[in-house]
Protein chains: 2
Amino acid sequence: MKIGEFASQLGVSTDTLRYYEKHALLTATSRTQSGYRDYSQTDLKQMKFILRAKNVGFSLSEIKELLQIKFHKQQHSCHEVKNLTLQKRDLVAVRIAELTRFHQSLSVLADKCCGGEEPADNCSILTTLEDIDGLTQ
Amino acid sequence: MKIGEFASQLGVSTDTLRYYEKHALLTATSRTQSGYRDYSQTDLKQMKFILRAKNVGFSLSEIKELLQIKFHKQQHSCHEVKNLTLQKRDLVAVRIAELTRFHQSLSVLADKCCGGEEPADNCSILTTLEDIDGLTQ
DNA sequence: ATAAACCTTAGAGCACACACTAAGGTCAAG
DNA sequence: CTTGACCTTAGTGTGTGCTCTAAGGTTTAT
Ligand SMILES: [Zn+2]
Ligand SMILES: [Zn+2]
Ligand SMILES: [Zn+2]
Ligand SMILES: [Zn+2]
């Protein structure tokens, strides 16, 4: 299967596939005589693995680690895989907490402002940002 | 006040201040005869405004918009400021929702794995990523 | 034979927010 | 008068995940 068909089957761009090859996430099994990439069913499975991992929030470099483990399963433990997953989950939780603080602060700010069409001379959002320390504490 | 003292008062680096100047967020009021930046109390207030806006989640380009409004309050309305704030809040909410899905999926994955020290040959995390479509749906 | 559609590479660009470097000028203390 | 801390500029590097470009080669259909 050439790159164009492979890409459209997966719903990604050919650029993305070349990018993944460059970054050692997926290399087409073989090349045609004219040098075109020739993808196999195995490649399809691997690409689906990658896309699923992306869908649950893993970054490409984390996926690279997962692939290494997948290729050499006997040399890695469940412990290791679970740790990667839990670490990722914790990082996500930290980011959620930060964004939740942002959301809260922005709501507080928005609630203070009348939102009218008059000039912003006394806009509470601006004056709050000018005057008050520790908005987030 | 020279850049070093100014920076340490605010808890940022001198690099950051030069970066902000380059990107039109804050330019020191004046320069000394030898070309050193000379920051004023007004600069201090503006920098605090910027840092507070960052603290509630605004990006630097959004802060630039806020500063434009702040400088020309009469030419902008409360409506405009509130809209910026609410749009940002909505974006944050979207991102939180995405991360929450990630968190959920990662929890499901982690719960399936025994986390033991045996080889990962049958690790449920890996097999789930290999075999199952629509993990997130 | 030629046009359209496909493929190749290397490399640049984007958004974000800095951090770091090199090569040099300035200033206060000893 | 020299040392060391500070300052200047312009430019490069970091991490993330692509996207796009330029300049060209290949394949298929008409
Ligand atoms: Zn108002
Ligand atoms: Zn207002
Ligand atoms: Zn296990
Ligand atoms: Zn496992």
Side-chain angles (χ1 to χ4, degrees), chain A residues 1-40 43 47 49-67 87-88 91-92 94-95 98-99 102, chain B residues 1-40 43 47 49-67 87-88 91-92 94-95 98-99 102:
Chain A
M1 201 178 345
K2 279 187 289 185
I3 197 172
E5 192 189 345
F6 190 67
S8 69
Q9 270 199 28
L10 288 159
V12 303
S13 75
T14 55
D15 277 329
T16 297
L17 289 168
R18 295 195 192 94
Y19 178 83
Y20 284 7
E21 180 172 313
K22 197 187 220 167
H23 291 78
L25 286 158
L26 175 66
T27 304
T29 299
S30 58
R31 294 276 183 140
T32 67
Q33 287 201 330
S34 55
Y36 290 9
R37 288 171 181 80
D38 190 13
Y39 290 93
S40 68
D43 296 331
M47 192 62 190
F49 179 96
I50 292 170
L51 293 178
R52 284 185 204 109
K54 258 177 69 75
N55 259 331
V56 301
F58 285 112
S59 71
L60 295 187
S61 68
E62 289 157 348
I63 293 173
K64 218 158 128 181
E65 283 190 73
L66 287 173
L67 286 170
Q87 276 176 28
K88 182 67 190 184
L91 266 183
V92 169
V94 167
R95 182 71 179 135
E98 185 185 15
L99 289 176
F102 286 170
Chain B
M1 199 180 343
K2 277 188 290 185
I3 196 172
E5 191 189 346
F6 191 66
S8 70
Q9 271 199 27
L10 288 159
V12 302
S13 74
T14 56
D15 278 329
T16 298
L17 290 169
R18 293 194 193 95
Y19 178 84
Y20 284 7
E21 180 171 314
K22 196 188 220 168
H23 292 77
L25 286 158
L26 176 66
T27 304
T29 300
S30 58
R31 294 274 183 141
T32 66
Q33 287 201 330
S34 55
Y36 291 7
R37 287 170 182 79
D38 191 13
Y39 290 93
S40 68
D43 296 330
M47 190 63 189
F49 178 96
I50 293 170
L51 293 178
R52 285 185 204 111
K54 258 176 70 74
N55 259 331
V56 301
F58 285 112
S59 70
L60 295 187
S61 68
E62 289 158 346
I63 294 173
K64 218 158 128 182
E65 283 189 71
L66 287 174
L67 286 171
Q87 277 176 27
K88 182 67 189 182
L91 266 182
V92 168
V94 167
R95 182 73 179 134
E98 184 184 16
L99 289 176
F102 287 169

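Basis for what follows: all heavy atoms, side chains included, without hydrogens, waters or symmetry-related copies. Quick note on labels: first sequence line is chain A, next is B, and so on, each numbered from 1.
- The phosphate of C/dA19 (OP1 or OP2) has a side-chain N or O of B/T16 nearer than 4.0 angstrom.
- Taking every side-chain heavy atom of B/T14 into account, D/dC7 is the closest of C/dC18, D/dC7, D/dT16.
- A/M1 places its CE atom 16 Å from the P atom of C/dC6, with the value rounded to the nearest Å.
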Passes side-chain contact (heavy atoms from CB on, under 4.5 Å), A/K88 versus A/V56? Steps please.
CA-CA 10 Å; A/K88 182 67 190 184; A/V56 301; over 6 Å; no
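- Atom P of nucleotide C/dC16 and atom CD of A/E98 are separated by 16 Å, given to the nearest angstrom.
- Contact annotation: B/S59 side-chain N/O to C/dA15 OP1/OP2 distance is not under 4.0 Å.
- Heavy atoms of B/T32 sit nowhere under 4.0 angstrom from any nucleic acid atom.
- Position along DNA chain D of the nearest nucleotide to A/Y20 versus B/R18 favours B/R18 as the more 5'-ward residue.
- Picking from C/dG11, C/dA17, D/dT9 the nucleotide with the shortest atom distance to the side chain of A/K22 gives C/dG11.
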Could you go through the salt bridge (Lys or Arg N to Asp or Glu O under 4.0 Å) check for B/E5 and B/K2 one step at a time?
CA-CA 6 Å; B/E5 191 189 346; B/K2 277 188 290 185; over 6 Å; no
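- In this structure, the separation between CD1 on B/I3 and CD on B/E21 is 7.5 Å, given to the nearest 0.5 Å.
- The side chain of A/K54 contributes an N or O atom lying less than 4.0 Å from OP1 or OP2 of D/dC18.
- A donor-acceptor contact under 3.5 angstrom links the side-chain atoms of A/Y36 to the base of D/dG25.
- Here the straight-line distance linking atom CZ of A/F58 with atom CG of A/L66 works out to 5.0 Å at 0.5 Å rounding.
- Out of C/dC27, C/dA19, D/dC18, the shortest distance to the side chain of B/D15 is found at C/dA19.
- Closest approach to the B/L60 side chain among C/dT8, C/dA17, D/dC7 is made by C/dA17 (side chain taken as heavy atoms from C-beta onward).
- Nearer to the 5' terminus of DNA chain D, by closest-nucleotide assignment, is the contact made by B/S34 (compared with the other of A/F58 and B/S34).
- For B/K2 and C/dG25, the NZ to P distance is 18 Å, given to the nearest whole Å.
- In this structure, B/N55 CG and A/F102 CZ are separated by 7.0 Å, a value rounded to the nearest 0.5 Å.
- Atom pair B/I63:CD1 and C/dA15:C1' shows a separation of 16 Å (rounding to whole Å applied).
- OP1 or OP2 of C/dC16 has not a single side-chain nitrogen or oxygen of B/Y19 nearer than 4.0 Å.
- Between B/L67 and B/L26, every side-chain heavy-atom pair lies at or beyond the 4.5 Å cut-off.
- Put simply, CZ on A/R95 is 14 Å from C1' on D/dG15, counting in whole angstrom units.
- At whole-Å resolution of the value, CE in B/M47 and C1' in C/dA17 are 12 Å apart.
- For the pair A/R37 and C/dC7, the criterion of a side-chain N or O lying under 4.0 Å from OP1 or OP2 is not met.
- To the nearest angstrom, C1' of D/dG15 lies 10 Å from NE2 of A/H23.
- Between the C1' atom of D/dG17 and the CD atom of A/E21 lies a distance of 17 Å, rounded to the nearest Å.
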